[in-house]
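Heavy atoms only: backbone and side chains are in, while hydrogens, waters and symmetry mates are out. Each chain gets a letter, A, B and so on, in the order its sequence line appears, and its residues count up from 1.
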Protein chains: 2
Amino acid sequence: MTVSRALKTPERVSPEVRARVEEAVRAVGYVPNRLAGSLSSSRSSVIGLVVPSIENSLFASTIQGISDVLRRHGHELMIASSGYGAAAEEAAIRAFLGQRVAGLILHDTTHTPEAVAMIRRAGIPVVENGTLTRQPLDMVVSYSNHDAAKAMTQHLLRLGYRRIGFVTLPLAANERSRDRRRGYEAALEEAGLPYDPRLVLEVPPGLAAGVEALYRLLEGGGEPDAIFFAGDVLAIGAALECTRRGWKVPEKVAIAAFDNIDLLGHLVPPVTTLRLPRQEIGRRSAEVLLDRIQGRATGPLAIDLRFEIIHRAST
Amino acid sequence: MTVSRALKTPERVSPEVRARVEEAVRAVGYVPNRLAGSLSSSRSSVIGLVVPSIENSLFASTIQGISDVLRRHGHELMIASSGYGAAAEEAAIRAFLGQRVAGLILHDTTHTPEAVAMIRRAGIPVVENGTLTRQPLDMVVSYSNHDAAKAMTQHLLRLGYRRIGFVTLPLAANERSRDRRRGYEAALEEAGLPYDPRLVLEVPPGLAAGVEALYRLLEGGGEPDAIFFAGDVLAIGAALECTRRGWKVPEKVAIAAFDNIDLLGHLVPPVTTLRLPRQEIGRRSAEVLLDRIQGRATGPLAIDLRFEIIHRAST
DNA sequence: TTGTAGGCGTTATCAA
DNA sequence: TTGATAACGCCTACAA
């Protein structure tokens, strides 16, 4: 007990005892067993994070933000990827709850009923990250995918484009993509423009898909004057393909992207895009989670971290 | 005890008891406490991973590979980033050992003496990932940065380039970069070419650094006919800058990169590079670690996963 | 096949 | 300020 105190609350132990303990710790290379500590105190310093994919650099920024904050506060981070499936997410959540994590951060905002029930029973705080969902489990830290897509579409409209193509990642089981799509439609509607299905495309992720989308839209009869690639690296693939073909952007077709990937600013021409607070989402998520864990806050919470349009020469 | 058995070794319990337990588990939403399990059995299912940076997409591939294998085997993954510093790595390792992880995967191959001592005392298996180091702590799964850089340099020599520039990331405290640099030098030496300091540059990571390196080498008096960017996205920055300036590659200067970033193949012209088994490194690391944890293997081990040159139009 | 006893390494609590 | 005792929830070992 005295050792425990000397290590956790050194001020509550005599200097002499403290010194002896420190010496002994050094001598034997003692590393306290936090499993036992957690079991005894029913407090854990581990946070569980479930992202659709670790490999995706956008999520990676968020993870880095989370990791930085947790490290500073002496917490550990457990990660699992759900591969974009709610069942895998449920499995990950179950595993984390088995490890008695102190809190969860989930990127997806759609969960299996069982996953929700487990989290409720565990009674631990949760942050959702993917989009400013209307039905949060608990806390949300994100930006509005709907508003971001709408703002970019309006930006294009303001620039005079009238036949705006929209390329999205798969809409199924992903509230983020659906939000973006609805934002696009909302902007058109407010502008009194018709929705033309020949201008809308759903494609898998990846550079190659961006290239393919470019051709399909240009040759699909919709005659787009601009294309808004609402996902990942799609716009990069398309922009590079224009370079390859010697097509002038935005004269041939304007191109807009959805994320502040460094590279977009280095392309020729640099590509208009949205700045999304990826790292900030991670940092704030970790912070609000720790606030709750440490009893500094209670109750639901929704933090809108906003976005920003970066206007460049491609539009 | 019967419940424990029903859950872990259902075949050793009567069907009737099994059914009753399953029913009860469902009814109360019971999630076994793995902390208590680990404490009692002194076995853990958690693996600790320390990478220099989570945000870097190259490490992200490796992490994904690790995560996939661990998930399939019912193990969890704890992550920390060392920010490229051995002291931060040591702190992460200490935290992981406190959590009684079953094994460690470290990307860096240089560690503080204290970190090494702690790992030794803990007696858990370790895999190092960054390069085929000669003095592994325990197991290594990687490729040879030295050989890869040498091979690419020789490739350029074979193509007839004689004044080959070399751009590296910071050499301090990073065996990988030093290995690459030595590989470059070895190739020159074997070819009987002099080492010209005007052709070698050390820069920070990032697209912009690649652009800057391009100019500094072209204007530095070394008159390179090819530049080998031995790190990350440096080559992308340089290649895009050539596009922007309308410089022909490889006529103006040939460009070679060091990693199989998808994008390199989509640039104009596509950029020659090395294919490195990033994901495979992650998968194999997890596999050999599990082999040891589950007692299927013992002793040191070095797995060389090789690399491959992807010759494209930029050289 | 089922159950009992004891202990894993901490921390909460209370007593000295 | 220090120490004794009893959990925490599971698993090992052994007994019924």
Any A:Arg43 side-chain nitrogen or oxygen under 4.0 Å from OP1 or OP2 of C:dA12: yes
Phosphate contact (C:dT2 OP1 or OP2) by B:Thr2 side-chain N/O below 4.0 Å: no
Given atom [atom1] of [X] and atom [atom2] of [N], what is their separation to the nearest angstrom?
X	N	atom1	atom2	value
A:Leu35	C:dC8	CG	P	15 Å
A:Glu16	D:dT1	CD	P	13 Å
A:Arg18	D:dT2	CZ	C1'	14 Å
B:Leu7	C:dT2	CG	P	14 Å
B:Arg34	D:dC8	CZ	C1'	17 Å
B:Gln99	C:dT10	CD	P	12 Å
B:Asn33	D:dC8	CG	P	12 Å

Side chain A:Ser285, main chain A:Ile281, donor-acceptor under 3.5 Å: yes
Touch class at under 4.0 angstrom, heavy-atom based, for A:Ser14 against every strand present: sugar-phosphate
[Y] and [X] side chains, donor-acceptor separation under 3.5 Å:
X	Y	answer
B:Ser61	A:Glu55	yes
A:Thr112	A:Glu90	yes
A:Arg34	A:Ser45	yes
B:Glu287	B:His73	no

B:Leu39 side-chain proximity, nearest of C:dC8, D:dT2, C:dT11: C:dC8
Upstream residue (5' side of DNA chain C) when B:Ala36 and B:Arg12 are each assigned their closest nucleotide: B:Arg12
First of A:Ser40 and A:Val17 reached from the 5' end of DNA chain D, by closest nucleotide: A:Val17
First encountered from the 5' end of DNA chain D, between A:Met1 and A:Glu11: A:Glu11
No-H, no-angle donor-acceptor pair, A:Arg5 side chain to D:dG3 base, under 3.5 Å: yes
